[in-house]
Amino acid sequence: VKKAALAAIGLVAAAAVILAIVFIPKLMNPGEPPATTTTPPTATQAKPATTEPRFSAVLTSALGRVEVLKTGGTWNNAAVGTKLEKGDTIRTGESAAATVTFFDGSTIELKFATEIKVLELQQQANQTTITLGQQVGQTVSKVAQLLDPASRYDIETPAAFAAVRGSDMFVSVEKDGQTLVGNIEGDIRAVAAGMEVKIPQGMHSVIYPGRTPGQPRDGANPVIYRTPVMIDSTADLFDKNGNPATGAAYLDIQKAEISFAMTSLTDGEFTLRMELKEPLPEPSNTTARFIEWDFLTDLDRNPANGFQWPLIANDMGYDVLVQLGLQNGKYQARILTISSNSWQNVEYSIQGNTIEIYLEVEDLIPSLMNLITGPADMYWMVATRLYMTGDADNQPSIIDKAPNQGHYNLMP
Ligand SMILES: [Ca+2]
Ligand SMILES: [Ca+2]
Ligand SMILES: [Ca+2]
């Protein structure tokens with residue numbers, strides 16, 4: 001209520017400034033007759049103030065380059081006090097920030113290089129509707145206590161629909177549409193591909209375009225480091241001698257990506273993601289002795305340390321292998337630390353053709369921590385291997401890897 005009252009005062013103040021600008025010439029020249037016109041004003045020309053949309057939004061803080069695009073217009077610099085209506089778009093420059101305050105007292109803070117469009121601003125009785133489209137960038141929404149349970153404050157992104165019901169929400173949209181919705185406080189939901197996920201306070205969900213929301217993970221507004229999305233041409237399977245081979249499409253890597261959600265200077269979580277050409281097999285649906293989907297990392301960027309296997313690991317000496325394995329009718333995800341030859345189970349999910357494995361920073365074994373100078377320093381790649389028999393030489397029968405040469409940096 002207090003928030004709303006303050007915003008209302010802000011709105012009135014902003015309106016007063018606008019009115020003052022409009023009426024100052026008249027006040028300064030009280031005796032001057034009205035401007036001469038050759039035609040009398042028509043009904044369409046005369047626009048009484050009462051037809052102004054009541055349910056607007058105002059730019060209440062602006063730092064650096066902030067621009068507004070009015071419906072049918074062009075981008076113009078926007079100053080504090082600029083009014084936004086349904087259909088308007090606002091964006092911030094590379095080192096800019098802005099805050100928009102809505103008629104009900106809710107605010108949205110735009111961080112740098114962020115663009116949002118006002119899709120809906122409405123109020124009927126106590127029921128308010130605010131819908132924003134967030135194309136790119138990062139925002140924090142602080143939503144006024146919604147009086148009516150039917151009230152809505154929603155943000156649409158290229159990948160998802162994020163809903164707040166009286167709380168603080170973080171939304172981050174990357175250039176490819178990948179969306180992160182974080183719950184700073186209160187009741188936050190992410191909806192995508194027909195599925196709604198409630199995000200607990202202090203957690204976030206990542207939504208890839210065209211996918212359902214990812215399960216909530218730690219951190220309301222983590223800093224995300226990502227590798228580029230690795231695109232691996234399909235039908236590029238090979239055998240233990242490196243010759244082209246054919247095999248099930250669930251061995252054929254299509255895409256992969258490693259991301260690190262940093263929640264504090266000393267904590268965070270890795271998400272290792274791999275998309276195959278077809279859904280992973282039912283455990284009973286394979287005659288292979290063993291199948292693995294691997295994520296390999298060279299923590300110290302030193303090919304001389306760790307495991308070298310150019311057929312699988314290209315130019316890396318990998319220090320950690322993270323593996324989803326299928327053996328004896330059972331899936332299991334594990335992490336292998338090469339230096340100590342120790343295995344440890346980790347959390348994973350399989351959704352159709354997509355594998356995700358989740359690693360906490362502490363999973364990377366404290367003894368290895370001194371190898372890591374920061375997430376930006378890690379080299380990654382992915383591989384699949386199928387073993388038909390317990391070959392004496394333990395060579396996989398079918399392999400794919402991405403990239404086919406070299407490796408990916410977590411942060412370029
Ligand atoms: Ca492939
Ligand atoms: Ca190494
Ligand atoms: Ca490949």
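Note that the coordinates shown come from a computational prediction; the quantities given were computed from them, not determined experimentally. Each ligand, and each atom within it, is numbered from 1 in the order the structure gives.
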So does K401 have any N/O/S atom less than 3.0 Å away from the Ca ion (ligand 3)?
yes

If we only count heavy atoms from C-beta on, is the T99 to I108 side-chain gap below 4.5 Å?
no

Taking both backbone and side-chain atoms into account, decide whether N305 has an N/O/S atom under 3.0 Å from the Ca ion (ligand 2).
yes

Just wondering, is there an N, O or S atom on N302 that's nearer than 3.0 Å to the Ca ion (ligand 2)?
yes

Tell me, with the steps shown, if K277 and N353 meet side chain to side chain donor-acceptor pair (under 3.5 Å).
CA-CA 7 Å; K277 202 184 170 189; N353 68 335; over 6 Å; no

Check the pair Q332 / N345 against side chain to side chain donor-acceptor pair (under 3.5 Å), numbers first and verdict last.
CA-CA 8 Å; Q332 186 179 31; N345 287 350; 3.3 Å; yes

Restricting to N, O or S, what is the name of the atom of D236 that lies nearest the Ca ion (ligand 1)?
OD1

Under a 4.5 Å cut-off applied to non-hydrogen side-chain atoms, are R217 and S205 in contact?
no

For the Ca ion (ligand 2), the closest N/O/S atom belonging to D298
OD1

Restricting to N/O/S atoms, is K277 within less than 3.0 Å of the Ca ion (ligand 1) or not?
no

The angle formed at the Ca ion (ligand 3) by OD2 of D232 and OD1 of D400 is about (to 10 degrees) 90°

3.0 Å cut-off met by an N, O or S atom of N404 to the Ca ion (ligand 3)
yes

Answer yes or no for G317: is there an N/O/S atom below the 3.0 Å cut-off from the Ca ion (ligand 2)?
yes

F112, CZ: over 12 other non-hydrogen atoms inside 6.0 angstrom
no

Within 6.0 angstrom of K255 NZ, more than 12 heavy atoms from elsewhere
no

Does the side chain of W293 come within less than 4.5 Å of I357's, by heavy atoms?
no

Atom name of the N, O or S atom in D300 that lies nearest to the Ca ion (ligand 2)
OD1

side-chain contact (heavy atoms from CB on, under 4.5 Å) partner of T384, the single match among I253, I312, D252:
I253

OD1 (D252) to the Ca ion (ligand 1) to O (S233): angle, nearest 10 degrees?
100°

